[in-house]
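Naming convention: chains lettered A, B, ... in sequence-line order (proteins, then strands); numbering from 1 in each chain. The figures here come from the full heavy-atom set of this structure, side chains too, leaving out hydrogens, waters and symmetry mates.
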2 protein chains.
Amino acid sequence: MNVIDNAGVLAISTRLQRLAEQLRKDGVLIYKDHGIDFEPKWFPVIFVLHNKGVLSVVEIASEIGYTHPSTITLLKELEKEKLIKSGRDKTDERKRLIHLTEKGKELVSKMGPVWSLMIRTITEITNTTNNLMRAIDEVEAVLQKKGFAERALELKSKTKKKKPE
Amino acid sequence: MNVIDNAGVLAISTRLQRLAEQLRKDGVLIYKDHGIDFEPKWFPVIFVLHNKGVLSVVEIASEIGYTHPSTITLLKELEKEKLIKSGRDKTDERKRLIHLTEKGKELVSKMGPVWSLMIRTITEITNTTNNLMRAIDEVEAVLQKKGFAERALELKSKTKKKKPE
DNA sequence: CAAATATACGTAGTTGGCTACGCTTCCGCA
DNA sequence: TGCGGAAGCGTAGCCAACTACGTATATTTG
């Protein structure tokens with residue numbers, strides 16, 4: 001057993017990141033095994049476009065919870081892959097409206113079974129005493145109310161005030 | 001409610017990463033608030049050196065679960081901060097032995113109360129129906145036995161074999 | 001004991017997200 | 001109605017991990 005696993009909560013960020021990386025890499029392998037040329041990082045954009053049809057850059061970013069520059073980078077890649085197309089919004093010249101191409105739509109339907117396989121596998125993996133997905137949901141909800149740093153500083157001052165003058 | 005939150009498990013990697021990033025950034029703020037110039041990413045290295053005394057580069061990497069190049073980058077930063085020092089192993093000229101400096105040891109004891117505060121805060125945050133730390137422990141254990149991709153491909157072939165000719 | 005293999009470390013370049021900043025277009029209000 | 005702030009998009013550059021590859025020393029083996 002290595003030390004970091006015992007260091008516990010202080011290395012939580014590190015461990016989350018490691019786990020994320022591990023799953024992402026295996027995701028690539030699974031797509032590849034099904035003969036599909038698709039990167040897991042594209043999933044959020046493709047999925048939201050599949051569900052909502054036509055969206056602007058900022059709308060996509062907001063839906064998938066990314067910043068808009070990150071989203072733009074993804075969109076560039078997807079456009080190069082000819083999975084999406086975009087054009088100006090006629091009623092609002094600032095906006096770029098994005099939608100799936102035919103190739104994109106075909107890919108989505110081809111990926112259906114793979115997604116279903118992944119979902120079943122992840123469900124199997126995370127079906128432990130403490131369910132990882134639900135734990136993430138819960139922690140995200142807690143943090144949305146008040147962040148980590150804010151809570152810590154609050155807890156600090158509370159402790160200090162234990163013995164008020 | 002945005003779509004990605006519903007897409008559920010398929011975006012698990014993305015969500016883990018986001019959470020990790022969020023916690024790391026707030027970690028910086030907490031150290032800063034205590035007047036300590038320390039980056040959360042340094043924690044694993046410093047902590048393992050604090051616990052084990054003297055280690056080589058590869059030993060540290062293995063202990064903290066990083067690749068050795070990542071570890072080397074961290075070591076360079078820590079050496080610049082004069083928190084660690086290193087020298088050649090006399091019995092094995094390939095090895096570099098790393099240890100904390102006096103400044104490093106002082107910093108560790110100065111950070112004690114901060115770590116304790118962080119531990120209490122994270123415990124508070126993750127003390128939900130599904131405990132995040134325990135969920136990570138459990139999933140890591142499951143994945144160690146057999147990875148995500150391996151499980152998926154296995155599940156696939158099992159399903160296919162349902163109707164053997 | 002020399003050659004092949006393995007181990008330890010280092011460098012270079014990639015990746016997938018981010019922030020900071022700037023430009024254009026839109027809209028509300030004086 | 002025109003102008004100042006807001007909204008949408010884009011670029012540049014950062015960050016913290018990674019992989020791929022190279023070099024030097026150690027170890028194993030024919």
Measure CG/A/Asp89 against C1'/D/dA7 and give the value in whole Å, please. 13 Å

Protein-nucleotide distance (B/Ile72, atom CD1; D/dT23, atom P), rounded to Å: 16 Å

Distance in angstrom units between B/Leu97 CG and C/dT7 P, rounded: 18 Å

Transitive ILVMFWY cluster of A/Val54, excluding itself - 4.5 Å side-chain cut-off: A/Leu97

Whole Å only: how far is the CG atom of B/Leu75 from the P atom of D/dA16? 15 Å

Apart from B/Val28 itself, residues in the same hydrophobic cluster as defined by side-chain heavy atoms under 4.5 Å: none

Enumerate the residue pairs fulfilling side chain to side chain donor-acceptor pair (under 3.5 Å) with a member in residues 145-154 of chain B, sequence neighbours excluded, ordered by first and then second residue. A/Glu124-B/Arg151, B/Lys146-B/Glu154

Per-nucleotide protein contact string for nucleotides 16-26 of chain C (B base, S sugar-phosphate only, - none; heavy atom under 4.0 Å): SSBBB----BS

Distance, rounded to the nearest Å, where B/Trp42 contributes CH2 and D/dA17 contributes C1': 16 Å

Let me know the distance between CG of A/Leu23 and P of D/dC18, rounded to the nearest Å. 15 Å

In chain order, what residues pass the side chain to side chain donor-acceptor pair (under 3.5 Å) check against A/Lys41, with sequence neighbours excluded? A/Glu77

Say you draw a straight line from CG of B/Leu19 to CD1 of A/Ile12; how long is it, rounded to the nearest 0.5 Å? 7.0 Å

Side-chain N,O (B/Lys76) to OP1/OP2 (C/dT11) below 4.0 Å: yes

Angle between ring planes, A/His50 versus A/Phe47, binned at 30° and 60°: parallel, tilted or perpendicular? tilted

Show which residues join B/Val58 in its hydrophobic cluster (side-chain heavy-atom contacts under 4.5 Å, direct or indirect), or state none. none

Residues at least two apart in sequence or cross-chain that pass side chain to side chain donor-acceptor pair (under 3.5 Å) with B/Ser86, listed by chain then number, are B/Glu79, B/Arg96

Rounded to 10 degrees, the angle between the two terminal axes of the helix from C/dC1-D/dG30 to C/dA30-D/dT1, each from five pairs: 10°

Residue pairs passing the side chain to side chain donor-acceptor pair (under 3.5 Å) test with at least one member in residues 24-36 of chain A, sequence neighbours excluded, are A/Tyr31-A/Trp115, A/Asp33-B/Lys156

Could you tell me how far apart A/Leu55 (CG) and D/dG8 (C1') are, to the nearest whole angstrom? 14 Å

B/Arg96 CZ to D/dT25 P, straight-line distance once rounded to whole Å: 15 Å

